[in-house]
Amino acid sequence: MISIKGLTKKYVTGKTDFFALNGINLEIADGEFLAITGKSGSGKSTLLNIIGTLDEPTSGTVTVDGVDISALKSKAVAAYRNKTVGFVFQSFYLEPSYTVYDNVELPLILAGKVGNNREKVEAALEMVGLKHKSAEKARTLSGGEQQRVAIARAIVNEPSYILADEPCGNLDTVNSDNVMKILCNLNASGKTVIMVTHDAEDAFKARRIVTISDGKVVNDEKTA
Ligand code: ADP
Ligand code: MG
């Protein structure tokens, strides 16, 4: 479970303070599929990055499974990023010259697991329907396939939370549908999915929609 209390993020630009996040309070239960939506610049990525420890808040707390993540020491932060959360970005961020297999294996190696990874890597690739592409170089895949590899990489360490920032932002509708189906399947298999999107149709595939405006939660609703 994720509990966010009084979260702010301040940027100082010139002489004025600008609050990208302006007092976010949010509880996310295990097993939820949550869409965070709102206009460009409303603070969606800032919020997701703070949940993923890719950014630090100015004030407030994010508690994940009872642990205040801002209090984590560097080793624990690395473990948190590697094992508790799996991140999916709009721009995929694969290693283009690595094979699909090697891209997906990377988080296991970073977690210190060097032998016997084949079963886990292949299970993750199977989940996204790309086991048959294992030996291909990542750069030879289509954008939709690359995003599915990125999802396999995000889940290979079996994190409880999938954090996805505009995962369909660079994809056409067919590939977006594929990625959304995979996220729905992951949620159905028990993962908590938190997805940032400005696409209303994608947001409605989640089970709960939180709308952010000027760094504040302005709406929080369950979908049908
Ligand atoms: P969203 O993902 O909803 O489009 P972001 O979370 O990326 O929005 O950004 C929220 C606001 O914070 C935007 O107005 C953005 O310009 C501002 N912002 C983000 N990063 C910085 C930064 N490093 N310095 C100053 N302002 C920033
Ligand atoms: Mg963003």
Side-chain angles (χ1 to χ4, degrees), residues 2-28 32-64 69-70 77 80-81 84-94 143-144 146-148 150-151 153-154 159 161-173 175-177 179-180 182-183 186-187 191-221 223:
I2 299 181
S3 176
I4 298 168
K5 291 207 171 86
L7 200 68
T8 75
K9 177 71 180 181
K10 181 173 81 177
Y11 290 111
V12 182
T13 45
K15 282 182 188 159
T16 54
D17 291 347
F18 169 75
F19 282 89
L21 297 180
N22 205 350
I24 300 267
N25 298 299
L26 199 59
E27 302 253 302
I28 304 165
E32 281 205 68
F33 186 172
L34 175 75
I36 299 173
T37 191
K39 290 200 189 95
S40 178
S42 56
K44 305 181 297 295
S45 295
T46 305
L47 175 60
L48 200 71
N49 288 342
I50 290 173
I51 295 171
T53 69
L54 304 181
D55 201 350
E56 286 179 356
T58 303
S59 66
T61 55
V62 177
T63 308
V64 178
I69 58 170
S70 66
V77 170
Y80 174 83
R81 280 183 202 156
T84 307
V85 295
F87 232 106
V88 180
F89 300 94
Q90 180 171 354
S91 327
F92 327 139
Y93 293 131
L94 300 180
Q146 289 194 38
Q147 190 60 305
R148 283 151 63 197
I151 294 173
R153 179 183 58 186
Y161 303 94
I162 308 293
L163 309 179
D165 192 351
E166 304 277 7
C168 304
N170 286 344
L171 304 179
D172 60 33
T173 47
N175 283 304
S176 292
D177 284 350
V179 163
M180 287 307 302
I182 291 166
L183 293 177
L186 285 171
N187 176 244
K191 304 276 185 211
T192 306
V193 179
I194 306 172
M195 173 187 69
V196 163
T197 181
H198 64 265
D199 184 295
E201 213 176 301
D202 287 346
F204 269 99
K205 288 173 186 148
R207 295 206 248 167
R208 177 182 170 198
I209 303 177
V210 166
T211 309
I212 295 188
S213 178
D214 295 330
K216 287 195 185 101
V217 173
V218 292
N219 196 40
D220 187 345
E221 62 184 325
T223 56

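All ligand and atom numbering here is 1-based and tracks the order in the structure.
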| How are the rings of Phe87 and Phe89 set relative to one another: parallel (under 30°), tilted (30 to 60°) or perpendicular (over 60°)? | parallel

| query | Should Tyr161 and Val64 count as side-chain neighbours, where that means a heavy-atom distance under 4.5 Å? | reply | yes

| task | Below 4.0 angstrom from a heavy atom of Thr46, which ligand 1 atoms are there? Numbered from 1 as shown, please. | result | 5 (P), 6 (O), 9 (O), 10 (C)

| message | Counting only heavy atoms from other residues, nucleotides and ligands, does the tally under 6.0 Å from CD of Glu27 exceed 12? | response | yes

| Nearest-contact summary for atom 7 (O) of ligand 1 - protein heavy atom, Å | Ser45 CB, 3.7 Å

| query | Is Ser42 near ligand 1, meaning one of its heavy atoms is under 4.0 Å from it? | reply | yes

| query | Can you find a protein heavy atom closer to atom 10 (C) of ligand 1 than 4.0 Å? | reply | yes

| Between Glu32 and Thr192, do the side chains contain an N or O donor and an N or O acceptor separated by less than 3.5 Å? | no

| message | Give me the nearest non-hydrogen protein atom to atom 1 (P) of ligand 1 as residue plus atom name, then the distance to 0.1 Å. | response | Gly41 N, 3.5 Å

| query | Do ligand 1 and Ala20 have nitrogen or oxygen atoms that lie under 3.5 Å from each other? | reply | no

| Min side-chain heavy-atom separation Ile209-Glu221 under 4.5 Å | yes

| field | Thr13, any N or O under 3.5 Å of ligand 1 N or O | value | no

| request: Give a yes or no on this: more than 12 heavy atoms of other residues, nucleotides or ligands lie within 6.0 Å of atom CD of Glu56. | output: no

| query | side chain to side chain donor-acceptor pair (under 3.5 Å) with Lys9: which residues, sequence neighbours excluded? | reply | Asp55

| task | Give the residue and atom name of whichever protein heavy atom lies nearest to atom 22 (C) of ligand 1, and the separation in Å to one decimal. | result | Tyr11 CE2, 3.3 Å

| Any non-hydrogen protein atom below 4.0 Å of atom 16 (O) of ligand 1? | no

| task | Please identify which atoms of ligand 1 are closer than 4.0 Å to at least one heavy atom of Lys39. | result | 3 (O)

| field | Lys205 atom NZ: more than 12 heavy-atom contacts under 6.0 Å | value | yes

| task | Check whether any N, O or S atom of Ser45, backbone or side chain, sits closer than 2.8 Å to the Mg ion (ligand 2). | result | yes

